[in-house]
Amino acid sequence: MKQASIKTILYWVTTILICAIFLYSAQMYFFNIQMVEGLFKSFNYPTYLVIPLAIIKVLGVIMILWRKSAWLTEWAYAGFFFDAFLAVFAHYFAGHGFFNLSFYATIIVLISYFLGKSVRQKNKLVV
């Protein structure tokens, strides 16, 4: 039986964390629409993006955990990165500070992405 490496464990921890963050975000978009729309208005973002973003976040989590299509997995990670990265600055310019959940989510997305590439390459898994 193979013993899991530290990289593999860290990959799965960060992947589960990022999936939990984005599922939490999506459920907020679905179940607290008025609050999220108010937040979007404070960012000067169009409110019609709330539900499509929630759907895309759920689909992104599915793609990252499913990992059967390298192309879709890459797009899911890219979407998560840009969502979190742009949210950092949206919160900052709205006066919420720079070091918020979005900042940490950006870092976790990057760790999960690069460790995932390393782990899959090491284990010669096809993504």
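In what follows, residues are counted from 1 in the order of the sequence shown. Computed from a predicted model, the values in this text were never measured in an experiment.
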> Under the 3.5 angstrom rule, does the side chain of Ser42 hit a backbone N or O of Leu39 as a donor-acceptor pair?
Replying inline: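 It does hold such a pair.
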>> Using only atom types and a distance under 3.5 Å, with no angle test, would you say the side chain of Thr14 pairs donor to acceptor with the backbone of Leu10?
In response: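 Confirmed, Thr14 side chain pairs with Leu10 backbone.
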> Does the separation of the ring centres of His91 and Phe43 fall below 6.0 angstrom?
Replying inline: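 Yes.
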>> Tell me if the centroids of the rings in Phe89 and Phe103 come within less than 6.0 Å of each other.
In response: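 So the answer is no for these two rings.
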>> Between His96 and Tyr92, does the side chain to side chain contact (heavy atoms under 4.5 Å, CB included) criterion hold? Intermediate values first, please.
In response: CA-CA 5 Å; His96 303 153; Tyr92 176 76; over 6 Å; no
>> The test is side chain to side chain donor-acceptor pair (under 3.5 Å); show your working for Ser112 and Tyr77 and say whether it passes.
In response: CA-CA 9 Å; Ser112 173; Tyr77 272 111; 2.7 Å; yes
> How far apart are the C-alpha atoms of Trp12 and Leu115, what are their side-chain angles, what is the distance that settles it, and do they pass the side chain to side chain contact (heavy atoms under 4.5 Å, CB included) test?
Replying inline: CA-CA 9 Å; Trp12 280 109; Leu115 282 176; over 6 Å; no
>> Pair Ile51, Ile33 - check side chain to side chain contact (heavy atoms under 4.5 Å, CB included), show working.
In response: CA-CA 8 Å; Ile51 296 302; Ile33 294 172; 3.8 Å; yes
>> Do Tyr48 and Phe40 land in one hydrophobic cluster if side-chain heavy atoms of ILVMFWY residues count as linked below 4.5 Å?
In response: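 Per the 4.5 Å side-chain linkage, Tyr48 and Phe40 are co-clustered.
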> Given side chains that start at C-beta, do those of Lys57 and Gln27 come closer than 4.5 Å, heavy atoms only?
Replying inline: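 Side chain of Lys57 against side chain of Gln27, heavy atoms only: no contact under 4.5 Å found.
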> Can you list the steps and then say if Met28 with Met35 is a side chain to side chain contact (heavy atoms under 4.5 Å, CB included)?
Replying inline: CA-CA 9 Å; Met28 290 290 290; Met35 190 245 345; 3.0 Å; yes
> Which heavy-atom pair separates Phe30 from Val58 by the least distance, and what is that distance?
Replying inline: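 Scanning both residues completely, I find the closest heavy atoms to be CE1-CG2, 4.1 Å.
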>> My understanding is that only one of Phe80, Phe81, Tyr29 makes a ring pair (Phe, Tyr, Trp, His ring centres under 6.0 Å) with Phe22; could you say which?
In response: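 Going through the options one by one, the only one that passes is Phe80.
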> Ser118 and Tyr11: side-chain donor and acceptor closer than 3.5 Å?
Replying inline: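 There is no such pair between these side chains.
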